[in-house]
Amino acid sequence: TPPLSADELKRERVRELLSDAARYLEAGWHTVAKDIYQQVLLIEPNNPEAQAGAHKAALGESSKAIDDTNKKKEIDRQRIREAIEEEKLL
């Protein structure tokens with residue numbers, strides 16, 4: 001078998017990266033997926049699959065950050081309620 005050309009190697013690498021990124025995105029590992037999609041975009045800046053995937057991954061990252069913040073806020077609210085109730089007992 002003749003060795004692969006540079007273009008063939010590039011296409012193969014892009015396919016591998018896109019496959020990996022899609023699996024990470026599906027598993028909810030948004031930051032890892034986004035990083036891999038960005039690697040593809042370094043190789044092929046106009047790759048539509050990588051552009052769309054990076055966008056979805058960034059939205060997933062943002063959504064998770066918002067959810068985490070909301071959970072922390074609820075924990076803080078509960079602690080404040082508990083502190084107020086303790087103060088009432090004093």
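Here the structure is a predicted model, which is why all the values come from computation and not from measurement. Sequential numbering from 1 along the given sequence is applied to the chain's residues.
If you take NZ on Lys10 and CD1 on Ile43, they are separated by 8.0 Å, rounding to the nearest 0.5 Å. With values rounded to the nearest 0.5 angstrom, His30 atom NE2 is found 7.5 Å from Ser63 atom OG. Annotation: the span from Gln38 atom CD to Ile36 atom CD1 amounts to 10.5 Å, rounded to 0.5 Å. The OH atom of Tyr37 sits 10.0 Å away from atom CG of Asp20, with the distance rounded to the nearest 0.5 Å. Taking CD1 of Ile80 as the reference point, atom NZ of Lys73 lies at 11.5 Å (rounded to 0.5 Å).
Salt-bridge check for Asp67 with Lys71: failed, with every basic side-chain N at 4.0 Å or more from each acidic carboxylate O.
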For residues 49-61, dump all side-chain donor-acceptor pairs below 3.5 Å to protein atoms at least two apart in sequence or in another chain.
residue	atom	partner	partner atom	Å
Gln51	NE2	Pro45	O	3.2
Glu61	OE1	Lys34	NZ	2.9
Glu61	OE2	Thr31	OG1	2.7

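For Thr69, there are no side-chain hydrogen bond (donor to acceptor under 3.5 Å, both in side chains) partners at least two apart in sequence or on another chain. Residues passing the side chain to side chain contact (heavy atoms under 4.5 Å, CB included) test with Leu4 are Glu8, Leu9, Glu12, sequence neighbours excluded. Partners of Arg15 according to the salt bridge (Lys or Arg N to Asp or Glu O under 4.0 Å) rule, which considers only residues two or more places apart in sequence or in another chain, do not exist here. In terms of the salt bridge (Lys or Arg N to Asp or Glu O under 4.0 Å) criterion, Asp7 has no residue partners (sequence neighbours excluded).
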Walk me through it: do Arg13 and Glu16 pass the test side chain to side chain contact (heavy atoms under 4.5 Å, CB included)? CA-CA 5 Å; Arg13 182 67 179 143; Glu16 290 171 359; 3.5 Å; yes
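Among pairs with a residue in residues 74-85, those fulfilling salt bridge (charged side-chain N to carboxylate O under 4.0 Å, His left out) read Glu74-Arg77, Glu74-Arg81, Glu85-Lys88, at least two apart in sequence or across chains.
Around the CD atom of Gln78, the shell of radius 6.0 Å holds more than 12 heavy atoms that belong to other residues, nucleotides or ligands.
Checked against Glu44 for a side-chain contact (heavy atoms from CB on, under 4.5 Å), the options Asn47, Leu41, Asn46, Leu42 give a single hit: Asn47.
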